[in-house]
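A quick write-up on the structure given underneath.
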Amino acid sequence: MTAKKQNLSDYDKNTIPNAKDFRFGIVVSEWNNNITDNLHKGALDTLVGHGVLAENIISWHVPGSYELIYGSKKMQDQKVDAVIAIGCVIQGETKHFDFVCEAVSLGIKDLNVLHDTPVIFCVLTDNNMQQSIDRSGGKHGNKGVEAAVVAIKMAALRQA
Ligand SMILES: Nc1c(NC[C@H](O)[C@H](O)[C@H](O)CO)[nH]c(=O)[nH]c1=O
Ligand SMILES: CC(=O)[C@@H](O)COP(=O)(O)O
């Protein structure tokens, strides 16, 4: 029997630090914006729900997930406590999917190594649009919610 899939929007709200004094940057890819807009909303609603002031959330859009790397690097100049990188990469006919996904995951990993601001990997890497729908507010929850929770926790850890 396969393990029950963890819903991306499920978490213990009692384990989340108060985030009212934190500033967050969110960089959102415009590719598959029917998906990334929902991820963005999930992240925004979760941050505000945990006390983050709307004026302390900076959102930028970039053309595609590959540009999340540069956008997240530049966002760090805004003196934020954490950055959330939001994208949706869907397999096409060619190997381009593989190169984009690897580049973005390694690029964001590099930002976490080279700089002192956590960058949260909120990038769907799916086989088809239905999988992305299911993970951006569908039956498997919203990865933007998960990413916002991670961002709050990592911002708190950064201050420890
Ligand atoms: N096919 C997808 C892309 N491709 C575009 C790249 O991210 C990048 O913008 C381009 O290669 C220019 O540098 N991006 C996504 O976010 N999602 C896709 O499915
Ligand atoms: C991830 C991509 O860049 C991909 O969706 C582009 O589609 P294709 O591989 O058919 O060119």
Side-chain angles (χ1 to χ4, degrees), residues 2 5-11 22-50 52 54 56-155 158:
T2 56
K5 180 178 282 298
Q6 169 74 26
N7 187 290
L8 293 165
S9 300
D10 288 349
Y11 65 97
F22 289 144
R23 282 169 52 83
F24 292 96
I26 306 178
V27 185
V28 186
S29 165
E30 293 167 338
W31 255 81
N32 299 314
N33 65 351
N34 61 313
I35 301 297
T36 60
D37 287 349
N38 287 339
L39 296 172
H40 188 199
K41 185 179 187 308
L44 286 170
D45 290 349
T46 303
L47 292 175
V48 171
H50 285 284
V52 182
N56 287 339
I57 303 172
I58 304 166
S59 292
W60 292 345
H61 285 80
V62 293
S65 289
Y66 191 89
E67 285 72 38
L68 290 172
I69 303 163
Y70 181 82
S72 297
K73 183 185 78 170
K74 290 298 288 182
M75 180 63 81
Q76 303 190 40
D77 297 342
Q78 300 299 312
K79 307 300 180 202
V80 295
D81 295 292
V83 178
I84 301 172
I86 292 177
C88 175
V89 190
I90 297 176
Q91 176 67 64
E93 297 174 357
T94 72
K95 291 177 64 67
H96 196 238
F97 170 88
D98 301 327
F99 291 98
V100 171
C101 292
E102 182 175 21
V104 176
S105 63
L106 292 180
I108 289 174
K109 177 267 292 180
D110 289 345
L111 293 177
N112 280 284
V113 171
L114 297 172
H115 304 285
D116 189 44
T117 304
V119 182
I120 311 309
F121 185 73
C122 183
V123 180
L124 296 177
T125 55
D126 296 328
N127 296 312
N128 52 60
M129 180 59 75
Q130 186 59 51
Q131 289 181 349
S132 296
I133 292 168
D134 292 344
R135 291 157 177 80
S136 56
K139 67 180 181 179
H140 294 315
N142 189 322
K143 195 162 186 66
V145 172
E146 177 196 53
V149 169
V150 171
I152 293 169
K153 290 181 175 180
M154 293 308 290
R158 179 172 176 263

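Counting convention: from 1, in listed order, for ligands and their atoms alike. FYI, the numbering just counts along the sequence from 1.
Environment of CZ in Phe121: crowded, with over 12 heavy atoms of neighbouring residues, nucleotides or ligands closer than 6.0 Å. Other residues, nucleotides and ligands contribute only 12 or fewer heavy atoms inside 6.0 Å of the CD atom of Glu102.
Nearest heavy-atom pair across Glu146 and Leu8 is CB-O, 3.4 Å. Nearest heavy-atom pair, Ala103 versus Ile69, reported as atom, atom and distance to 0.1 Å: O-CD1, 3.4 Å. Between Ala85 and Ser72 the shortest heavy-atom distance is CB-OG, 3.7 Å. Across Arg23 and Lys79, no two heavy atoms sit closer than the pair NE-O, 3.2 Å. Nearest heavy atoms, Val104 versus Ser65: CG2-O, 3.2 Å. Here the closest heavy-atom approach between residue Ala43 and residue Ile26 is recorded as CB-CD1, 4.4 Å.
If you number the atoms of ligand 1 from 1 as listed, the ones under 4.0 Å from a heavy atom of Ser29 come out as 16 (O). Interface atoms of ligand 2 facing His96, defined by a heavy-atom separation under 4.0 Å, are 2 (C), 3 (O). Listed by atom number, the atoms of ligand 2 under 4.0 Å from Phe97 heavy atoms are 1 (C). The distance from ligand 1 to the heavy atoms of Asn32 drops below 4.0 Å at these ligand atoms: 17 (N), 18 (C), 19 (O). Those atoms of ligand 2 with a heavy atom of Val89 less than 4.0 angstrom away are 1 (C). Heavy-atom proximity to Ile90, at under 4.0 Å, picks out these atoms of ligand 2: 1 (C), 4 (C), 5 (O).
Taking atom 1 (N) of ligand 1 as the reference point, the nearest protein heavy-atom neighbour is Trp31 CZ3, 3.1 Å. Scanning the protein for heavy atoms near atom 7 (O) of ligand 2, the closest one is Gly92 CA, 3.7 Å. Nearest protein neighbour of atom 17 (N) of ligand 1, counting heavy atoms only, is Cys88 O, 2.8 Å. The nearest heavy-atom contact from the protein to atom 12 (C) of ligand 1 is Glu67 OE2, 3.4 Å. Considering only non-hydrogen protein atoms, atom 6 (C) of ligand 1 sits nearest to Tyr66 CB, 4.0 Å. Here the protein heavy atom with the shortest distance to atom 10 (O) of ligand 2 is Glu93 N, 2.8 Å.
With a 4.5 Å cut-off on side-chain heavy atoms, Val27 and Lys74 do not count as touching.
In terms of polar-atom proximity, defined here as any N/O pair under 3.5 Å, Ile90 does make such a contact with ligand 1.
The parts of Ser65 lying near ligand 1 are both backbone and side chain, judged by heavy-atom distances below 4.0 Å. Within the 4.0 Å heavy-atom criterion, both parts of Thr94, backbone and side chain, lie near ligand 2.
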Using ring pair (Phe, Tyr, Trp, His ring centres under 6.0 Å), reason through His50 and Phe24 one step at a time and then give a plain yes or no. CA-CA 12 Å; His50 285 284; Phe24 292 96; over 10 Å; no

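Judged by the shortest distance from any of its heavy atoms, His96 lies inside the 4.0 Å radius around the atoms of ligand 1.
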